[in-house]
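Read through the structure below, which is laid out as structure tokens, and then see the notes.
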Protein chains: 2
Amino acid sequence: MDKDMEPSERVGDTHSFSAPSSKYDIVIVGAGPVGLLLSTCLARWGYKIRHIDNRPEPTKTGRADGIQPRSLDLLRNMGLKPDIMAFEPAKVYEVAFWDPMSSGDGIHRTGTWASCPSFIDARYPFTTLLHQGMIERVFIRDLNKNGVDVQRPWTIKGFKTDAEADADYPVEVDLEHVDGIEKEKVRAKYLFSGEGARSFVREQLKIGIQHKDPIAHVWGVMDGVVKTDFPDIKMKCTIHSEHGSIMVIPRENNLVRLYIQIASSTDKDWNPRKTASEEEVQNSAKRILKPYEIEWERVEWYSVYPIGQGIADKYTLDHRVFMGGDACHTHSPKAGQGMNTAFLDALNLAWKIHHVEAGFADRSLLESYESERKLVAENLLKFDAKYAALFSQRPPAAKDVAAATAQKDRNSEEEDNQFIATFKESCEFTSGYGVAYNPNTLNWSPTHPAQSSIINPKGHKLTTGKILHNSNVTRVVDANVVHLEQEIPLNGSYRIYLFAGKPSRSQKALSDFATNLNKKSSFLTTYLRPDIGSVSHHEKHNPHSHFFTFCTIFASKRPEIEISRDVPEVLARYRDHVYADDIWDHKVPDATAAAHAKMGLDPESGGVVVVRPDGYVGIVTSLVEGAGTVDALNAYFNSFCSKNISGHKANL
Amino acid sequence: MDKDMEPSERVGDTHSFSAPSSKYDIVIVGAGPVGLLLSTCLARWGYKIRHIDNRPEPTKTGRADGIQPRSLDLLRNMGLKPDIMAFEPAKVYEVAFWDPMSSGDGIHRTGTWASCPSFIDARYPFTTLLHQGMIERVFIRDLNKNGVDVQRPWTIKGFKTDAEADADYPVEVDLEHVDGIEKEKVRAKYLFSGEGARSFVREQLKIGIQHKDPIAHVWGVMDGVVKTDFPDIKMKCTIHSEHGSIMVIPRENNLVRLYIQIASSTDKDWNPRKTASEEEVQNSAKRILKPYEIEWERVEWYSVYPIGQGIADKYTLDHRVFMGGDACHTHSPKAGQGMNTAFLDALNLAWKIHHVEAGFADRSLLESYESERKLVAENLLKFDAKYAALFSQRPPAAKDVAAATAQKDRNSEEEDNQFIATFKESCEFTSGYGVAYNPNTLNWSPTHPAQSSIINPKGHKLTTGKILHNSNVTRVVDANVVHLEQEIPLNGSYRIYLFAGKPSRSQKALSDFATNLNKKSSFLTTYLRPDIGSVSHHEKHNPHSHFFTFCTIFASKRPEIEISRDVPEVLARYRDHVYADDIWDHKVPDATAAAHAKMGLDPESGGVVVVRPDGYVGIVTSLVEGAGTVDALNAYFNSFCSKNISGHKANL
């Protein structure tokens with residue numbers, strides 16, 4: 001047992017109670033996707049973590065397995081994508097639909113569609129399918145590198161928030177080994193429940209669950225290696241037949257997952273405890289797949305579980321004890337959104353806790369976790385019902401799928417077609433790129449009260465609260481062609497992209513930006529690193545502040561850019577983040593500066609895009625001569641920062 | 001000492017002489033790039049290997065560091081690219097030229113050019129720079145997985161080939177621990193020297209060295225971490241100044257390599273033992289780089305070594321004892337070709353030994369190792385001299401570089417410009433894609449005596465003896481967009497690509513191909529796997545034979561292809577190798593079937609491309625109705641196979 005404890009907490013070879021003085025920045029309960037991503041971020045940023053899980057080891061079989069395109073971007077931004085890909089996951093590019101033949105001779109394919117069609121500008125237009133346990137191991141390895149071990153099998157027995165007992169560590173948590181012998185009381189700044197649908201923390205807090213769709217289902221899930229002549233066994237398939245319906249999901253190592261609905265609350269004899277044996281499900285699958293044959297070489301995992309839609313009323317009561325992932329929202333596994341939503345819950349919370357605890361942001365920033373993520377969960381549940389209906393109503397006509405996936409701009413005729421509209425929406429949703437956070441203090445949409453001609457300049461194509469568009473640019477220092485949106489790793493910093501247009505045109509604006517950035521009490525100078533005098537000249541991302549990284553992108557060819565001449569000193573310090581917007585892009589084939597064009601920024605005068613640490617656009621401004629641009633950013637950061645920037649009032 | 005020995009050869013805890021009955025398929029001396037790649041291939045294909053190296057551990061610092069684009073393709077084909085990339089190597093996309101300013105105020109940039117311009121269709125248009133020791137470790141890890149350890153520090157003391165003593169294991173090799181105490185006599189089918197320029201084996205065989213360029217040089221090489229305001233420190237640079245010349249090569253982990261020429265045999269006071277201290281070289285670099293400043297934070301490695309061009313007269317005398325890599329050819333480090341040429345030496349030999357020992361090819365196949373690889377080395381040495389001249393004559397004019405790198409077809413005007421012609425040639429050479437093996441029994445060019453209208457069909461754009469063109473296609477079974485040329489791993493098999501055009505047009509030709517392939521004593525049925533009855537249905541590449549993998553590519557959209565209907569049974573068994581040629585390619589923007597177009601094959605009727613196990617095109621044929629196509633392939637394989645295929649005479 002001791003070996004899984006954090007080194008600093010070891011109490012020798014005998015079992016004993018730790019001193020109640022054990023203090024952590026955060027106690028994380030549950031080492032599934034949501035807990036692990038949160039833990040990984042906070043460990044990298046230097047926080048002291050107590051992470052427990054009541055299972056003796058990581059997931060061995062079964063559970064979630066689909067990584068959507070946007071989540072893969074995130075894993076890449078964390079440097080974890082190669083480790084994921086080393087497992088050689090299956091990649092789903094298309095979904096096939098199978099329906100009964102009118103002749104009664106079994107099923108036939110009625111259509112296919114892309115899982116992430118080309119109208120979505122995804123780096124990785126596929127779903128990555130891999131056993132959850134392998135994904136967990138990738139995170140755990142990273143945690144170990146940063147000195148965090150997941151303590152197993154330990155569980156939470158109680159907790160309370162009591163700021164009077166300890167203002168800095170207000171949360172008291174009772175932890176216990178599942179053997180019931182070893183117990184420990186610890187204090188923490190935060191407690192996070194990533195416990196899954198049956199969250200002890202949620203129950204203790206008496207937080208209710210709302211159901212969007214009253215229909216519950218019993219699902220059977222079987223992972224196995226099969227021998228079959230069914231031609232689409234390596235594709236995602238939705239199969240309807242006279243003998244029932246199944247969903248096929250390919251996996252790594254020749255595995256295939258079958259989902260089969262065993263019972264529904266709409267059945268006359270509905271019984272949420274209805275079950276089916278492995279053999280019954282196999283026989284059912286054999287009937288459904290006729291005229292094709294299927295045999296199992298081995299079954300890796302088989303499970304039957306009832307599931308209904310549900311969403312927690314609150315994600316936190318006191319902004320000290322938080323929940324995320326399945327503890328907050330449950331739904332059908334059909335759209336493969338569980339793990340992905342969990343990842344993004346954790347990401348959203350991680351940097352907000354970081355910014356509050358590092359003294360950058362006002363504590364009220366934490367309120368945006370629930371408001372942003374609960375909306376996403378609500379949309380997910382709505383989508384889940386719509387998606388199911390979309391599939392069950394009728395097989396999509398080939399021409400509709402073709403029209404919907406065509407690589408062209410939307411037009412009114414298409415929009416009239418409800419199927420196509422729903423299809424497009426569902427593709428954006430399932431790919432992860434459809435998530436849009438509502439306007440708030442972080443996301444300054446055109447409706448934000450701080451109206452000025454500098455904020456949200458005319459013509460830009462970004463949406464605050466949505467992810468930054470992809471673009472390819474050339475890094476000036478080494479001429480490497482890079483993915484701009486991936487250039488800053490997930491380091492907890494705001495990403496400030498200065499699209500600087502033509503150097504000849506923007507020279508003064510850039511120089512004025514630098515002058516105002518250097519001024520006392522700008523957003524940058526207010527939050528300089530305490531160790532700024534001793535930062536290595538090799539530091540690429542955070543030479544001045546832990547909260548900002550700057551990129552400068554010129555609408556010029558790389559050889560025309562001379563950093564020492566074209567980039568003001570404060571920005572030139574980020575010499576690895578100076579780029580030439582000189583790579584052709586098939587999405588904007590006629591643009592001379594494709595990245596500027598994709599953002600909708602003028603290739604002459606440019607513009608500034610501030611991206612939150614989690615990759616979502618916060619504010620877009622013009623790049624103007626004078627103090628205007630930095631003033632706008634000062635106002636933006638001042639609206640949620642802990643310190644008073646540049647004389648701004650907090651109520652701006 | 002014992003711990004590095006191969007388990008089967010352990011002789012207990014006391015030092016003693018092994019029994020002389022120790023027998024291996026091959027003894028490999030030297031664990032640098034050439035020895036390791038050979039060892040890795042043969043270990044994967046099941047051979048028993050004794051691999052020794054006289055160094056106590058892998059390269060710690062210095063030595064080769066550049067992986068050219070074609071070598072990276074190879075490492076990817078071996079599944080080793082992710083491990084290489086995990087070290088985060090530097091990537092060189094451009095070379096910058098710096099020359100003295102006429103004002104005498106130091107150096108200025110006079111031009112840049114792409115290291116692998118877009119007229120070369122490379123997957124990875126950059127040179128990957130990484131310390132040789134890291135590259136060695138990637139191979140060693142793979143070897144260990146296959147049960148091979150490199151025995152260190154052991155050396156070779158003698159060898160002889162004596163078929164009368166043992167016809168199966170004709171080579172006797174004396175091995176010795178460098179401590180001189182432990183000794184061992186082993187027998188092997190082959191001995192390979194990857195010992196480097198000072199090859200004991202080559203000396204024993206009294207094989208001479210020829211020099212193409214009589215000029216020898218003394219080079220200083222320094223790897224270190226620097227602090228500098230020189231703007232191109234992360235680029236490959238050739239710098240000429242009044243104070244001398246240096247070459248800058250960026251590396252992983254902020255390292256930078258400087259090459260500086262210390263002496264040349266053209267100097268009046270030429271002394272091949274001339275040297276320079278670390279400090280002298282640094283001071284020299286400081287003078288050369290003016291007006292920029294440079295300081296060393298640390299020096300990781302510094303070495304001075306004399307080097308001249310040289311090429312061994314023979315690569316083998318008896319086709320049992322072979323040499324490769326620096327043992328066969330040495331040249332200046334400027335073009336970064338040493339390790340890459342070594343890799344390709346090893347690759348060329350590996351599959352030929354395999355095909356002879358596995359009973360597939362006639363022993364005479366081994367003769368093509370020297371004839372193919374020595375020509376490459378000769379070209380390398382010629383190129384090396386030309387390349388040096390190209391750089392020293394004059395800085396390239398910007399317009400010439402622009403014209404040379406322009407992404408358009410060659411035209412006569414450009415060809416007239418000698419600079420551009422040399423530039424293009426040098427880019428092809430340094431990228432690795434320029435290597436072309438001469439016509440021989442493996443490479444059936446239009447000059448091959450077996451003339452027929454089926455062989456080398458009109459219009460095709462492939463060159464036998466050169467690598468297969470890259471293309472993107474959609475895999476039918478799972479709709480994954482894949483790189484066709486990478487779909488078959490380096491498995492020792494011939495890769496037979498059936499570009500099948502339109503199914504409606506090629507149906508009969510494809511069916512006739514299958515019928516004739518199934519006939520007794522076709523090239524396939526002559527070399528079936530002995531265990532063909534028990535091969536798993538999950539086997540993707542070699543269900544029938546260890547020597548052939550088949551791919552079928554239709555000029556159709558993926559949803560239009562139904563494997564069970566369109567692909568004859570014998571080819572359908574390779575169901576993971578059926579593709580739709582439906583991905584747009586910017587190299588052939590107007591083609592409806594880009595892969596067919598890039599190969600120059602008719603999108604209606606297709607054609608067949610046979611690619612050697614090392615990726616070079618062997619023969620291109622039409623895909624015709626009747627027996628013609630299989631007959632042509634039977635004739636091709638019959639020209640070097642061990643068995644009599646389909647009644648063909650060996651002298652065809």
Side-chain angles (χ1 to χ4, degrees), chain A residues 79 81-83 85-86 88 90-96 109 111-115 118 125-126 225-229 231-236 250 253-254 292 295 297 398 401-402 407 474-482 536-538 540 557-559 561-565 575-576 584 586 589, chain B residues 79 81-83 85-86 88 90-96 109 111-115 118 125-126 225-229 231-236 250 253-254 292 295 297 398 401-402 407 474-482 536-538 540 557-559 561-565 575-576 584 586 589:
Chain A
K81 179 170 164 275
D83 292 345
M85 290 302 168
E88 300 185 1
K91 296 174 188 172
V92 166
Y93 279 73
E94 294 206 356
V95 185
R109 193 194 298 110
T112 60
W113 73 30
S115 52
S118 58
F126 51 80
V225 177
V226 301
K227 182 169 184 176
T228 181
D229 58 353
D232 287 356
I233 198 70
K234 296 199 173 183
M235 307 257 275
K236 180 173 172 180
N253 292 332
N254 293 316
Y292 302 101
E295 293 294 336
E297 293 185 346
V401 172
Q407 195 182 330
T474 307
R475 196 159 52 204
V476 170
V477 286
D478 61 6
N480 278 218
V481 178
V482 297
S536 161
H537 71 101
H538 296 296
K540 292 176 178 179
K557 299 221 175 290
R558 197 203 64 80
I561 299 167
E562 202 67 66
I563 294 177
S564 63
R565 181 194 63 206
R575 61 187 179 275
D576 293 281
W584 180 83
H586 70 286
Chain B
K81 179 170 164 274
D83 292 344
M85 289 302 169
E88 299 187 0
K91 296 175 187 170
V92 166
Y93 278 74
E94 294 208 355
V95 186
R109 194 193 296 109
T112 61
W113 73 29
S115 51
S118 56
F126 51 80
V225 177
V226 302
K227 181 169 184 177
T228 181
D229 58 352
D232 286 357
I233 198 70
K234 296 200 173 182
M235 307 258 275
K236 181 173 171 181
N253 291 332
N254 294 315
Y292 301 102
E295 294 293 337
E297 292 185 347
V401 173
Q407 195 183 330
T474 307
R475 196 159 54 205
V476 170
V477 285
D478 61 6
N480 278 217
V481 178
V482 297
S536 161
H537 71 102
H538 296 297
K540 293 176 178 179
K557 301 222 174 289
R558 197 203 64 81
I561 299 166
E562 202 68 65
I563 294 176
S564 62
R565 179 194 65 205
R575 60 186 179 275
D576 293 281
W584 181 83
H586 70 288

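Every chain is numbered from 1, with letters handed out A, B, ... down the list of sequences.
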Problem set entry | B:E88 atom CD, neighbour heavy-atom count above 12 within 6.0 Å | no

For [X], which atoms come within 4.5 Å of any heavy atom of chain B: side chain, backbone, both, or neither?
| X | answer |
| --- | --- |
| A:D576 | side chain |
| A:R475 | neither |
| A:K540 | side chain |
| A:V226 | backbone |

For this session: Go through B:K91, B:M235, B:E297, B:H537 and name the one with the most non-hydrogen pairs under 4.5 angstrom from chain A.
Result: B:H537

Problem set entry | Residue selection (most heavy-atom pairs with chain A, distance under 4.5 Å) from B:H538, B:E94, B:R109 | B:H538

Problem set entry | A:V477 to B:K234 - nearest heavy-atom pair and separation |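 Shortest heavy-atom contact: O-CB, 3.7 Å.
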
For this session: Mind ranking A:M85, A:R558, A:K236 by heavy-atom pairs under 4.5 Å with chain B and telling me who comes out on top?
Result: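 Option with the top pair count is A:R558.
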
Problem set entry | Largest heavy-atom contact set with chain B, pairs under 4.5 Å, which of A:D478, A:N254, A:N480, A:V481 | A:N480

Problem set entry | CH2 on B:W584 to OG on A:S118, rounded to 0.5 Å |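 The distance works out to 12.5 Å.
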
